[in-house]
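Read through the structure below, which is laid out as structure tokens, and then see the notes.
Note on naming: letters A, B, ... go to the chains in the order of the sequence lines (proteins, then strands), and numbering restarts at 1 for each one.
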Number of protein chains: 2
Amino acid sequence: MTIDGRALRGDTTRQVVLDTALEMFAKQGYRATSVRDIAARSGITHPGLLYHFPTKQALLMAALKRRDEVDCIEEDDGVVEFADLDGRALLAHLVAGAAKNATKRGLVELFASLSVEATAPDHPAHEYFVDRYASLRATLVRGLEELDAAGQLRPGVVPAVTAAHLIALMDGLQIQWLLDPQTDMAGALAGYVNGLLVHPFDAG
Amino acid sequence: MTIDGRALRGDTTRQVVLDTALEMFAKQGYRATSVRDIAARSGITHPGLLYHFPTKQALLMAALKRRDEVDCIEEDDGVVEFADLDGRALLAHLVAGAAKNATKRGLVELFASLSVEATAPDHPAHEYFVDRYASLRATLVRGLEELDAAGQLRPGVVPAVTAAHLIALMDGLQIQWLLDPQTDMAGALAGYVNGLLVHPFDAG
DNA sequence: GTCTATAGCTTGATAGAC
DNA sequence: GTCTATCAAGCTATAGAC
């Protein structure tokens, strides 16, 4: 598609604005970040920005979509999608993701505050988050059922309930970590995950 | 102290404002609710409100304190404090609390949005939430250690990690429930709790 | 595509009358 | 204790020049 990395990233104003918006929403949250600030840091004025994204909400949605694209490229060395991983890799990926999140406070803040904010049915990002949670849950249920069929799950582990637990743990641990950065998100998550498996990760 | 319930509740403007503030903060969040709106719904003007609570932050803190009082009175038939329950009662109380929360969306919204918002060190409610989480965690660790000493915990259950899990599950399940009211918060929490105990709640 | 300028609104908070 | 009036600041969004 492109010759080098820079060209792939795209040097149009749109892309610069999106990256800046993502960074600032991440650092300060959606409501606390003004269109003016994003525009200024992008090297244009706010009406200039609003030419590309007609409203602040539109900018948010575009930034979230961009984030998903970047996430996909960065997290998988190949072209592997999260949803395509097998059961065990899925769980390993969750723990690794928690460890990775612990290096990006702003992004954790963005998704934590936004996922609560977007709980309101009339929020611009409501559908985005409903879909996000539903697909994450579906992927986890599928992975857990796969492990169950292979006899890899301890007795009493119910895929549907466990999927909800895993998502809740990730969200809840993020809050605790934001309140107290000493919190070991990945460790706590790994503790739960290993309790699910007949052959925990420690033992190979 | 008083002759009837009404007098106990207090009919001063202060109390009316506090209840209104609690309700509106719960429905819309702290930042999205203006002092004007609260005042109007309380039947006064906003300078009238600011006579009683000099700043919006002071109002928030007073409303949170009031909530804790109401909570204490309502939840415990006697004078028993949450922190005074024994290990098993503590866990039962968590599950019961989750079920009770499922009847009060507004309150769940308030604490969900506020606990993320207050993650910022300069937020007016930051210390309140840091203390809240620390004391809840300490109480749970104490209760779990108690159960452990009595041989009631399954092998491999570590009190410190499990306490963090329980708090994270409560927070995370609330988000899922807010996004989809079909979510069974109490059921999911009970599933985790029963996995901790040698003698689950089902079997007495 | 990007600018200057500004409309039009909401916010938290204050001054001072009653 | 509550009001009217007002401030200064912030915001999103629009109009129109270039």
- [ ] Check the pair A:Phe53 / A:Arg14 against side chain to side chain contact (heavy atoms under 4.5 Å, CB included), numbers first and verdict last.
- [x] CA-CA 9 Å; A:Phe53 307 95; A:Arg14 257 188 83 94; 3.6 Å; yes
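- Note on A:Lys65 versus A:Glu69: no salt bridge recorded, every NZ/NE/NH1/NH2 to OD/OE distance being 4.0 Å or above.
- Between A:His165 and B:Tyr192, the side chains place no donor N or O within less than 3.5 Å of an acceptor N or O (distance only, hydrogens not considered).
- Between C:dT2 and A:Thr13, a contact under 4.0 Å exists linking OP1 or OP2 to a side-chain N or O.
- Against DNA chain D, the stretch residues 46-55 of chain A makes heavy-atom approaches under 4.0 Å through A:His46, A:Pro47, A:Leu50, A:Thr55.
- Applying the 4.0 Å criterion to OP1 and OP2 of D:dC11, one finds that A:Ser34 has a side-chain N or O inside that range.
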Would B:Leu153 and B:Leu197 count as a side chain to side chain contact (heavy atoms under 4.5 Å, CB included) here? Give the steps.
CA-CA 5 Å; B:Leu153 290 190; B:Leu197 300 169; 4.2 Å; yes
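- Separating the CD atom of A:Gln15 from the C1' atom of C:dG1 is a distance of 16 Å, rounded to the nearest angstrom.
- Look at B:Thr45 and you won't find any side-chain N or O under 4.0 angstrom from OP1 or OP2 of D:dT2.
- Put simply, CZ on B:Arg31 is 15 Å from C1' on D:dC11, counting in whole angstrom units.
- Remark: A:Thr33 engages A:Gln28 in a side-chain hydrogen bond (donor to acceptor under 3.5 Å, both in side chains) (not counting sequence neighbours).
- Rounded to a whole Å, the NZ atom of A:Lys56 is 14 Å from the C1' atom of C:dT10.
- Using a 4.0 Å heavy-atom criterion, one finds that B:Thr33 contacts the sugar-phosphate atoms exclusively.
- Per the geometry, CD1 belonging to A:Ile44 stands 12 Å off P belonging to C:dT4, to the nearest Å.
- Atom CZ of B:Arg36 is separated from atom C1' of D:dC7 by 11 Å (rounded to the nearest Å).
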Under 3.5 Å donor-acceptor pairs involving side-chain atoms of residues 137-145 of chain B, not counting sequence neighbours:
unit_1   : atom_1 : unit_2   : atom_2 : d
B:Thr139 : OG1    : B:Ser135 : O      : 2.9
B:Arg142 : NH1    : B:Leu85  : O      : 3.3
B:Arg142 : NH1    : B:Glu146 : OE1    : 3.0
B:Arg142 : NH2    : B:Ala83  : O      : 2.4
B:Arg142 : NH2    : B:Leu85  : O      : 3.4

